[in-house]
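Please read the structure below before turning to the comments.
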Amino acid sequence: MMAEDYAIPISVNHNHCSSVEAAMEAVDAGVNGVMFDGSGLPFDENVEKTGQVAAYAKL
């Protein structure tokens with residue numbers, strides 16, 4: 001990850017991932033903070049997909 005190339009503390013955040021796949025790719029890349037944005041989805045689908053991302057990230 002890019003942050004490992006620097007001697008100072010760096011945090012990388014991927015905000016508003018528009019798909020579950022993008023959020024999972026960010027987790028796999030070692031991004032420190034990942035936020036899935038399901039705000040445009042029906043509530044139940046938003047909750048389901050947010051749960052998929054959380055489970056994948058092992059939260």
Side-chain angles (χ1 to χ4, degrees):
M1 185 156 136
M2 204 166 102
E4 295 168 349
D5 296 336
Y6 298 91
I8 59 172
I10 294 176
S11 180
V12 178
N13 182 52
H14 189 331
N15 200 8
H16 299 288
C17 294
S18 58
S19 70
V20 170
E21 294 78 15
M24 290 177 175
E25 287 176 12
V27 169
D28 290 342
V31 173
N32 303 94
V34 176
M35 186 186 98
F36 170 70
D37 184 358
S39 61
L41 301 172
F43 180 78
D44 291 342
E45 187 176 353
N46 184 350
V47 170
E48 178 186 342
K49 290 186 176 192
T50 299
Q52 290 174 5
V53 174
Y56 188 80
K58 298 174 183 70
L59 296 177

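Given the structure is predicted, the values throughout are model-derived calculations rather than measurements.
Judged as a side chain to side chain contact (heavy atoms under 4.5 Å, CB included), and not counting sequence neighbours, the contacts of Val34 are Cys17, Ala23, Ala26, Val27, Val31. Listed by chain and residue number, nothing satisfies the side chain to side chain contact (heavy atoms under 4.5 Å, CB included) test with Ser18 (two or more places apart in sequence, or in another chain).
Between the side chain of Asn46 and the main chain of Gly38, a donor-acceptor pair closer than 3.5 Å is present.
The hydrophobic clustering, which links ILVMFWY residues whose side-chain heavy atoms are closer than 4.5 Å, places Met35 and Ile10 apart.
Put simply, CD on Gln52 and CE on Met24 are 6.0 Å apart, with the number rounded to the nearest 0.5 Å.
The minimum heavy-atom distance between Phe36 and Val20, with the atom names listed, is CE1-N, 3.7 Å.
With side-chain heavy atoms closer than 4.5 Å counting as contact, directly or through intermediates, the hydrophobic cluster containing Phe43 also holds Val47.
Residue pairs meeting the side chain to side chain donor-acceptor pair (under 3.5 Å) criterion with at least one partner in residues 33-45, sequence neighbours excluded, are His16-Asp37, Asp37-Ser39, Glu45-Lys49.
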